Amino acid sequence: MANYYLSGRWLAPLLVSVLIAIIPTPEGLAPHAWLYFAIFLGVIVGLILEPFPGSVVAMCGIAIIAVLSPWLLFSPQQLADPGFKYTSKALSWAVSGFSNSVIWLIFSAFMFGIGYEKTGLGRRIALMLVKKMGHKTLFLGYAIMLSELILAPVTPSNTARGAGIVYPIIRNLPQLYDSQPNTPSARNIGSYIMWMGISADCVSSAIFLTAMAPNLLIVGLIKGSSHITLSWGDWFLGMLPLSILLVLLVPWLTYLIYPPHLKQGTQVPEWATKELATMGPLSANEKKMLLFMGIALLLWIFAGHLIDAATVGYAIVALMLLNKIITWDDIISNKSAWNVFFWLASLITLATGLNNTGFISWFGQHLADGMQGFSPLTVSVVLISVYYLLRYFFASATAYTSALAPMMIAAAMAIPDIHFTSFCLMAGAAIGLGSIVTPYATGPSPIYYGSGYLPTADYWRLGAIFGVLFLVLLLITGLLWMPIVLP
């Protein structure tokens, strides 16, 4: 903790908040909304610089706003009402994020991830795919992609999935062909495998709502700002054509642009066979886990109008506990799940306050006024492209989403004739897809970059190529397909 204070990084959020607060309130905006925005922007700077863990930064922001709520959270008109109890209203606002269904959905998905890990089912699935498809290097790329796809719906941390499950398996593969890191032999097969690992993680993160925490964050922001909910099924259906294109194209395109020297061999299937033999036959808990995950996915896809996705997750977690797939100790000791649960709830609370004070509507209207005369198509392409390319400046998907997503949502709400849900889904998918552009954009990126198989120049070059490809395909499917299938 002393290092945080010595670094001076904790001063930056405070300075930003103070500097914004002393600037005269812009025309048309209430003074309390401008002061609220000053604190909100300070929190975003804190999330980017991380002088303290993100949850602590968000908690401090909420505490400051709640304590100073008469000047930050509520208008003079509200405070003048004799029946308005601002003390209880401030507390209700401060904890409102924890009652959001999105928070409980992601918490449930984390528990699913524990089940996959404890039963060994996630590792078994990846090894089976590698065994079946690993005799040719191109097919091995598809095996890595399919492993990510199978795990993604029930693993809401792309770091846990990519760096914790998939990477430990595929990092063993290059040495089987004497492909060593930081040597010319890296290109034998290792470079192809590692690029497929990070690109598959980025693709799978965009395909499913529950594949990474920022996806659920942006859905929570949308709900808080517009009271419109993007369900698990909406996200999946809207992304379907793009998902198919990326799953088919990425392994083949990587094979074409960044070709491995070795095209086939038997070492990988033989190694996977030995690992599976060590694991033994499918256990009872693995079978139960498969059944429960099948039920959850079916209900998420086909029964969203009958039962809330978070309720499904909550019920499945209860079944996992009753069947001893996970224990109560597993739940209370999972620091990652509680950490994400807390900061996600806090960020949704902060974004809701930004909307409640009127800042979002004011900002959106000004942005819309500045784009008058342009067609909704042009506006959508420009905004999503700028939003996507700003990924280069963020080393955290959470900070990126927290800083920019509320502004994108505000713009979509204020611009006439724009298809709101399609625009928001494109913004959500851009979080995962845009993570491909740099070696620091998301959790697994430094892991794959640091493997020794992806030289710096290669990573940036491939990141630019695939980043542009992902953006173009996102825009095409977002403008042609999503408005047809989304409300």
Side-chain angles (χ1 to χ4, degrees), residues 126 129-130 133-149 158 161-163 166-207 242-265 267-269 388-389 391-392 432-474:
L129 288 169
V130 166
M133 304 176 71
H135 59 285
K136 290 189 176 181
T137 307
L138 176 59
F139 292 169
L140 182 58
Y142 282 101
I144 295 170
M145 178 66 78
L146 291 174
S147 298
E148 279 276 352
L149 287 177
N158 66 322
R161 183 175 68 254
V166 176
Y167 178 78
I169 294 174
I170 66 175
R171 72 180 177 185
N172 295 295
L173 306 183
Q175 284 83 358
L176 299 174
Y177 294 92
D178 197 28
S179 181
Q180 302 298 330
N182 302 308
T183 67
S185 67
R187 286 297 303 275
N188 286 355
I189 195 173
S191 297
Y192 175 79
I193 288 174
M194 293 304 162
W195 185 254
M196 270 309 308
I198 185 59
S199 56
D201 187 81
C202 294
V203 168
S204 65
S205 294
I207 290 176
L242 179 57
S243 305
I244 295 171
L245 283 172
L246 292 178
V247 169
L248 294 176
L249 277 177
V250 170
W252 173 79
L253 196 60
T254 304
Y255 191 81
L256 187 68
I257 295 175
Y258 202 48
H261 296 160
L262 296 176
K263 309 299 183 184
Q264 58 185 7
Q267 291 93 323
V268 167
Y388 184 93
L389 294 174
R391 198 71 177 84
Y392 276 99
L433 295 179
S435 297
I436 196 68
V437 296
T438 70
Y440 52 77
T442 190
S445 301
I447 305 296
Y448 284 100
Y449 174 62
S451 67
Y453 289 99
L454 295 171
T456 301
D458 289 356
Y459 202 112
W460 283 96
R461 176 174 62 87
L462 292 169
I465 293 171
F466 281 81
V468 170
L469 173 68
F470 290 175
L471 174 59
V472 170
L473 292 178
L474 174 62

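All of these numbers come straight from a predicted model, not from anything done at the bench.
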With a 4.5 Å cut-off on side-chain heavy atoms, are [Y] and [X] touching?
| X | Y | value |
| --- | --- | --- |
| Ile198 | Ser445 | yes |
| Val472 | Val468 | yes |
| Ser179 | His261 | no |

Output the distance between atom [atom1] ([X]) and atom [atom2] ([Y]), rounded to the nearest 0.5 Å.
| X | Y | atom1 | atom2 | answer |
| --- | --- | --- | --- | --- |
| Leu471 | Leu389 | CG | CG | 6.0 Å |
| Ile144 | Ile170 | CD1 | CD1 | 4.5 Å |
| Ile436 | Phe470 | CD1 | CZ | 5.0 Å |
| Tyr142 | Thr137 | OH | OG1 | 13.0 Å |
| Leu462 | Leu454 | CG | CG | 7.5 Å |
| Leu140 | Gln264 | CG | CD | 13.0 Å |

Looking only at heavy atoms, which two atoms of [X] and [Y] are closest? And how far apart?
| X | Y | result |
| --- | --- | --- |
| Tyr258 | Pro455 | OH-CD, 3.8 Å |
| Ala186 | Gly452 | CB-O, 4.5 Å |
| Ala126 | Ser147 | CA-OG, 3.6 Å |
| Ile447 | Gly443 | CG1-O, 3.9 Å |
| Tyr440 | Tyr392 | OH-O, 2.6 Å |
| Ser451 | Pro181 | O-CB, 3.4 Å |

Stepwise side-chain contact (heavy atoms from CB on, under 4.5 Å) test for Ile189 and Leu173: CA-CA 9 Å; Ile189 195 173; Leu173 306 183; over 6 Å; no

Partners meeting side-chain contact (heavy atoms from CB on, under 4.5 Å) with Pro259 (sequence neighbours left out):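 Scan of Pro259 (side-chain contact (heavy atoms from CB on, under 4.5 Å), adjacent residues dropped) gives Arg187, Lys263.
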
All side-chain contact (heavy atoms from CB on, under 4.5 Å) counterparts of Phe139, not counting sequence neighbours: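 Phe139 satisfies side-chain contact (heavy atoms from CB on, under 4.5 Å) with Met133, His135, Lys136 only.
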
Salt bridge (charged side-chain N to carboxylate O under 4.0 Å, His left out) pairs, two or more places apart, involving residues 444-470: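 Listed once each, the pairs are Asp458-Arg461.
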
ring-ring contact (aromatic ring centres under 6.0 Å, His included) contacts touching residues 166-185 (sequence neighbours left out):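 Passing the test, one end in residues 166-185: Tyr167-Tyr448.
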
Of all pairs that satisfy side chain to side chain donor-acceptor pair (under 3.5 Å), the ones with a partner from residues 189-202, not counting sequence neighbours: Asn158-Asp201

Short side-chain donor-acceptor distance under 3.5 Å, [Y] and [X]:
| X | Y | answer |
| --- | --- | --- |
| Tyr459 | Thr438 | no |
| Arg391 | Ser435 | yes |
| Gln180 | Asp178 | yes |

Verdict with supporting geometry, Glu148 and Val166, side-chain contact (heavy atoms from CB on, under 4.5 Å): CA-CA 7 Å; Glu148 279 276 352; Val166 176; 3.8 Å; yes

Show me the donor-acceptor pairs within less than 3.5 Å that the side chains of residues 242-257 make with the rest of the protein, sequence neighbours left out.
from   : atom 1 : to     : atom 2 : distance (Å)
Ser243 : OG     : Met239 : O      : 2.6
Thr254 : OG1    : Val250 : O      : 2.8

